[in-house]
Amino acid sequence: MTSLLKTLENEQATVALGQQIAQWIVPPLTLYLTGDLGAGKTTFSRGIIQSLGHQGAVKSPTYTLVEPYEFSEMDVFHFDLYRLSDPEELEFMGIRDYFTHRSVCLVEWPDNGHGLLPKADIHLHLRYKESQRQVEIQALSPAGQAILSKIK
Ligand SMILES: Nc1ncnc2c1ncn2[C@@H]1O[C@H](COP(=O)(O)OP(=O)(O)OP(=O)(O)O)[C@@H](O)[C@H]1O
């Protein structure tokens, strides 16, 4: 599978990447979002979620672990696992019930999910390089590859 490197000049570029990807999402789909604190994971998620039709704010669910958004054709689950110390918390939440053929999972700090999450179709690595913000978008499945091939 392939990957793509993009520079994100400003916040709007991060939002716009989410908006682009949102048009091509066919559930089920899982995106992993990694990058340091403040790298732009929530900004990207906001681009996707608002583009799908959510009109309110999109905040990182740091304390609730997951924020669900229901749309006509899919359910989006925005996870932030930064504070997850015990994977049993995910089991207690009944995490497996979240994953259906309608589910789109956006997962911040996926390494803390300890293998309880679906495998990623796309992995976004957000980073700073020489004072620029960059994102490496990695396709990890045919569904992810189909989306990657359309990103401009
Ligand atoms: N490409 C960009 N260029 C400049 N600023 C950006 C860019 N993308 C996002 N930002 C800004 O960076 C700040 C942090 O972004 P955001 O909250 O999305 O990061 P995060 O990775 O979700 O952080 P955390 O891990 O703390 O939840 C926000 O103020 C956002 O507006």
Side-chain angles (χ1 to χ4, degrees), residues 1-25 27-71 74-93 95 98-99 103-141 143-144 147-152:
M1 294 289 159
T2 53
S3 68
L4 174 73
L5 196 63
K6 270 176 83 71
T7 301
L8 298 170
E9 298 82 10
N10 51 36
E11 179 185 347
Q12 183 48 35
T14 307
V15 173
L17 178 63
Q19 289 170 336
Q20 272 197 67
I21 290 178
Q23 340 164 40
W24 305 311
I25 290 179
L29 195 81
T30 297
L31 284 86
Y32 285 180
L33 312 173
T34 53
D36 290 341
L37 289 171
K41 302 179 293 294
T42 301
T43 305
F44 169 81
S45 301
R46 171 159 53 90
I48 291 202
I49 292 164
Q50 291 184 338
S51 184
L52 290 171
H54 175 73
Q55 305 206 332
V58 173
K59 289 192 192 139
S60 194
T62 308
Y63 294 96
T64 53
L65 295 180
V66 60
E67 192 68 44
Y69 300 88
E70 199 178 320
F71 301 103
M74 62 189 85
D75 300 315
V76 174
F77 298 107
H78 181 197
F79 291 90
D80 182 344
L81 305 183
Y82 182 66
R83 290 184 182 276
L84 184 77
S85 47
D86 185 346
E88 279 204 356
E89 275 186 68
L90 289 176
E91 300 273 21
F92 289 146
M93 282 165 63
I95 191 74
Y98 285 70
F99 310 134
S103 302
V104 175
C105 299
L106 308 175
V107 190
E108 302 187 28
W109 305 96
D111 289 352
N112 291 351
H114 305 281
L116 292 168
L117 301 164
K119 287 195 170 42
D121 297 290
I122 295 180
H123 192 151
L124 265 77
H125 306 261
L126 292 141
R127 56 176 85 107
Y128 292 93
K129 196 161 183 208
E130 290 153 12
S131 77
Q132 274 194 330
R133 286 182 195 238
Q134 286 186 344
V135 60
E136 184 186 351
I137 310 162
Q138 193 181 11
L140 296 163
S141 74
I147 290 176
L148 184 75
S149 63
K150 294 181 193 159
I151 296 173
K152 297 205 181 75

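As the structure lists them, so they are numbered: ligands from 1, and atoms in each ligand from 1.
In terms of protein heavy-atom proximity, atom 19 (O) of ligand 1 is closest to G40 N, 3.0 Å. Closest protein heavy atom to atom 9 (C) of ligand 1: T43 OG1, 3.5 Å. Protein heavy atom nearest atom 17 (O) of ligand 1, with residue, atom name and distance: T42 CB, 4.0 Å. With hydrogens left out, the protein atom closest to atom 8 (N) of ligand 1 is T14 OG1, 3.0 Å, a heavy atom.
Contact annotation for atom 29 (O) of ligand 1: protein absent (non-hydrogen atoms, distance under 4.0 Å).
Selection from R46, Q134, R133 by nearest heavy atom to atom 6 (C) of ligand 1 gives R133. Closest to atom 7 (C) of ligand 1 by heavy atom, among K59, E11, E9, K6, is E11.
Relative orientation of the Y82 and W109 rings is tilted, given thresholds of 30° and 60° on the angle between their planes. Aromatic ring orientation, F79 versus F99: tilted (interplanar angle from 30° to 60°).
Among the atoms of A39, some N or O lies under 3.5 angstrom from an N or O of ligand 1.
With a heavy-atom cut-off of 4.0 Å, K41 touches ligand 1 through backbone and side chain alike.
Side-chain contact check for D80 and T62: at least one donor-acceptor pair (N or O, by modelled atom type) lies under 3.5 Å.
Using a 4.0 Å cut-off between a side-chain N of Lys or Arg and a carboxylate O of Asp or Glu, E11 and R46 qualify as a salt bridge. Residues K6 and E136 are not paired through a salt bridge, judged by the lack of any N-O separation under 4.0 Å between the basic side chain and the carboxylate.
Every atom of ligand 1 with a heavy atom of L8 under 4.0 Å away is listed here by number and element: 1 (N). Annotation for ligand 1: atoms under 4.0 Å from non-hydrogen atoms of E108 are 22 (O), 27 (O).
Residue contacts with ligand 1 include G38, since one or more of its heavy atoms lies under 4.0 Å from the ligand.
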Stepwise side-chain hydrogen bond (donor to acceptor under 3.5 Å, both in side chains) test for H78 and E108: CA-CA 8 Å; H78 181 197; E108 302 187 28; 2.8 Å; yes
